[in-house]
Amino acid sequence: MQPSVDPAQVGQQITQILVNNLESDTLLSEIAGVLTQAFAAGGTSIAIREERKFAIRAVAWHPQHRSETHANPPPLWDCPAFRRQLARTRPLAIADLNPIKMNAKVAASCREANVRSVLAIETRSQGEISGAIAVMKSQPYEWTDDEIAALQAGADLVAIAIAQVRQATSIRILEKQTGTFTHQQALLARLTKAILNSLDLTEVLQEAIEGITQTLQASHGLVLLFKYPDDRRGDWQLSRWGIWDRPHLDETSPPVENPEAIAPQIQVTVVAQWRPNKTLTEDQRANAPGKIENPNQFDQAFKMSDCAWCQQAYRWAPQPLAIGNRRKWLDAHPKTEIAPIFQSEATAAALLVPLTRSNDRASHSPKILGFLVLQHDRPREWEAEELKLVELVGTQLGNALLQTRILHQVHSLVGDRTAQLQRSMDVQAKLYEQSRRQVHQLRSLHQQTSEFLAAVSHELNTPLTSMGVAIEMLRQVGLTPERQATYLNILEQEWRREKKLVENLLMLQRLEAKETALQMQAVDLPALLRELGEAFEQKWAHKKLKLAIDLPRSGLKLKSDAESLKNILEELLTNAGKYSHPGTTAIFQVIECVEGDIPQVEIALINFGSEIPPEDLPHIFDPFRRRQGATQEAIPGTGLGLALVRGLVQLLYGEIGVSCQMLDDKNTSEIRFTLTLPQNIENPS
């Protein structure tokens, strides 16, 4: 038969523990051990009532019972039937738990822990239930009156122990809160001082990330800033940080499946990070607490649409996103991706704090500038006070970012005003230079107008005079048929000359108005050049001019507008005939080439004559622009031919240029007109 329990002895042992044990963490465990030994029980558990629930704070198993099972004590206080009986009976002695209707979870826990009989009692402090004691045996057992009395005597002492534990816990919490408050105030003071005294945003960010990482004892801190995709400036300090309108989403919104529907394709860039130096002792770390890494020393940038954490933090703004366990989060979201900076195994927990302005905190659509990120190498729960602190730091950083941006804008504005003042001081010199150029342009325009009027007057008066003389001669009586034919030929020739002038003017007008349509057909370029060459030599036989043709191969064909191409080459030959020195030979050079996978033909017409003044070369294709002295030298023409050439070349999707090079003979220059055309413009674009 089991010896009876002495209530006085149990009370004395518990009292001795209360007197000698100053460690609140082990106080209840030692008392549970005394009760287990005194009642020869399988185990004893002591719970503390917290927020209307019982939380087991200590358990002691008998060594023999512990060797049989490694289960935790059953949560008897989670069973409504057990709580009702415990409230009616003080203490509650249950000889066998099996008949009691307990919920499945508690019943299974009792079987797992090998608990069949229980002697339990609530502890009270100042009239309120403060906790409970449960003495457990592995077999059905009838509890004796002495055992019940011993537990009743010990309950009051356990209530005192629970009060001591609560008081010690409150003191630790208060001390922690006091230390945390001190650290937080020091951090905010440092950050405020850095913002007020420094114009360098990098220093402010480094001060903030170092301070918050130390205060919350994180293992890694970063600052991420947003940059628009169209921001081509490399300086993130001057860029337009992620300020845009976005739809409001709350914590109940589903995971992001299409990130582009929520945020634009902005760039997220790591601009500052800080790591504690774990190789130093705590005293050494106070003098060299960690390492601020220059953002230019690493390349960590990504699109926000490529990181699920950034997307979720963006959705929850302005509240921070707290990830207590990275692995559990990834298991719950298996199809999501996170940025490489969060994929390290050293990142077991993370906290992403949106950087916003203070006046945006209450907005449904706050303006987010970036994230303040804290990482920890072990899973942890982020406390409410910590979240409040990081929100405040995030707001201060957001204000600092916008303040820096405003200062840069002010500096830029001052620079602009200074530049404007400098420009105004240069106005007089520029006006003088501009006036000088305008006088030169007016003189040149006057000269061009005079030459144009002289050319038009010559081209109109000369044919009209010839036609008048021919008409007078035809009126004479008795002219022979031969003389009549001669004068009629003169009339026809001069009429054709006038008609050509009118046609050129009309053609130039149509080209400028883009009213000319192309008639595509195959052109036999060698045959066309030979035909034009024969006509050229006949027309300019009086100057003894010749034409040589240099072809890469026979049968070279183009698909182009034959009439326009013929007009271009005729005008170039006419120009060459006018300005070539007598007895020289003009040359047609044809080269096949490819430009950007497009087959082309390059036709160069080279003639030898007087030098074209350099100032005339840029204007040689302008309408009514003729070489200086052309009219005085009685060279026929109005200056329309080369203007028509340029218009027709553009119509054929080609290019034309001119160059002039002085030869060893100082009186002779090589004039080269280079025409480049696509071999096939069947589908012009």
Side-chain angles (χ1 to χ4, degrees), residues 5 10 14 27-29 31-62 64-159 161-163 165-166 169:
V5 178
V10 171
I14 296 176
L27 180 61
L28 296 180
S29 297
I31 294 176
V34 168
L35 293 176
T36 299
Q37 182 177 3
F39 286 85
T44 301
S45 68
I46 300 176
I48 295 180
R49 186 176 177 85
E50 297 175 349
E51 298 180 357
R52 298 184 181 181
K53 292 183 179 180
F54 287 98
I56 297 176
R57 296 293 294 272
V59 61
W61 294 106
H62 190 276
Q64 183 178 359
H65 183 90
R66 189 59 175 169
S67 63
E68 297 173 357
T69 178
H70 298 281
N72 291 322
L76 296 171
W77 294 280
D78 291 343
C79 178
F82 184 83
R83 289 200 306 271
R84 286 194 298 269
Q85 292 190 35
L86 184 62
R88 290 193 299 265
T89 305
R90 189 173 186 273
L92 173 62
I94 301 177
D96 191 352
L97 287 172
N98 287 343
I100 299 178
K101 295 182 179 181
M102 294 183 292
N103 58 43
K105 178 180 178 181
V106 176
S109 179
C110 290
R111 289 193 299 271
E112 182 180 358
N114 195 20
V115 173
R116 291 289 302 275
S117 60
V118 176
L119 179 62
I121 190 171
E122 294 177 338
T123 63
R124 295 179 178 270
S125 176
Q126 298 180 355
E128 299 290 335
I129 298 175
S130 61
I133 309 170
V135 180
M136 300 166 288
K137 289 180 177 289
S138 60
Q139 299 293 333
Y141 178 76
E142 293 291 340
W143 300 94
T144 66
D145 293 339
D146 289 340
E147 291 172 331
I148 294 174
L151 188 61
Q152 287 178 322
D156 294 335
L157 295 175
V158 173
I162 290 175
V165 171
R166 281 181 168 177
T169 302

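If you're wondering where the values come from, they're calculated on a predicted model, not measured in any experiment. Quick note: residue numbers are just sequence positions, from 1.
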**Q.** Least distance between heavy atoms, Ile14 atom then Gly154 atom
**A.** CD1-CA, 4.0 Å
Q | Rounded distance [0.5 Å steps], OG1 in Thr123 versus CG in Leu157 | A | 11.0 Å
**Q.** Min side-chain heavy-atom separation Leu28-Ile48 under 4.5 Å
**A.** yes
Q.
If I take atom CG from residue Leu97 and atom CE from residue Met136, how far apart are they, to the nearest 0.5 angstrom?
A. 10.0 Å
Q. What distance separates Gln139 CD from Asp96 CG, expressed to the nearest 0.5 Å?
A. 9.5 Å
Q.
Could you check whether any side-chain heavy atom of Ser109 comes within less than 4.5 Å of a side-chain heavy atom of Val115, counting everything from C-beta outward?
A. no
Q: To the nearest 0.5 Å, tell me how far Gln152 CD sits from Leu119 CG.
A: 9.0 Å
(Q) To the nearest 0.5 Å, what is the distance between CD1 on Ile31 and CD1 on Ile133? (A) 8.0 Å
Q) Quick one: are Ile129 and Arg124 in side-chain contact, heavy atoms under 4.5 Å? A) yes
Donor-acceptor pairs are to be reported for all side-chain atoms of residues 32-47 against protein atoms at under 3.5 Å, with residues two or more places apart or in another chain.
unit_1, atom_1, unit_2, atom_2, d
Thr36, OG1, Ala32, O, 2.9
Thr36, OG1, Thr44, N, 3.2
Thr36, OG1, Thr44, OG1, 2.8
Thr36, OG1, Ala60, O, 3.1
Thr44, OG1, Thr36, N, 3.4

Q: Using a 4.5 Å cut-off on heavy atoms from C-beta on, say whether the side chain of Ser125 contacts that of Arg166.
A: no
Q. Quick one: side chain to side chain donor-acceptor pair (under 3.5 Å) partners of Ser117, sequence neighbours excluded?
A. none
Q. Any side-chain heavy atom of Phe82 within less than 4.5 Å of one from Leu92?
A. yes
Q. Does any non-hydrogen side-chain atom of Trp61 lie less than 4.5 Å from one of Val59?
A. yes
Q | Check: Trp143 and Leu151 side chains under 4.5 Å, non-hydrogen atoms | A | no
Q. Between atom CD of Glu122 and atom CZ of Arg49, what is the distance when rounded to the nearest 0.5 Å?
A. 7.5 Å
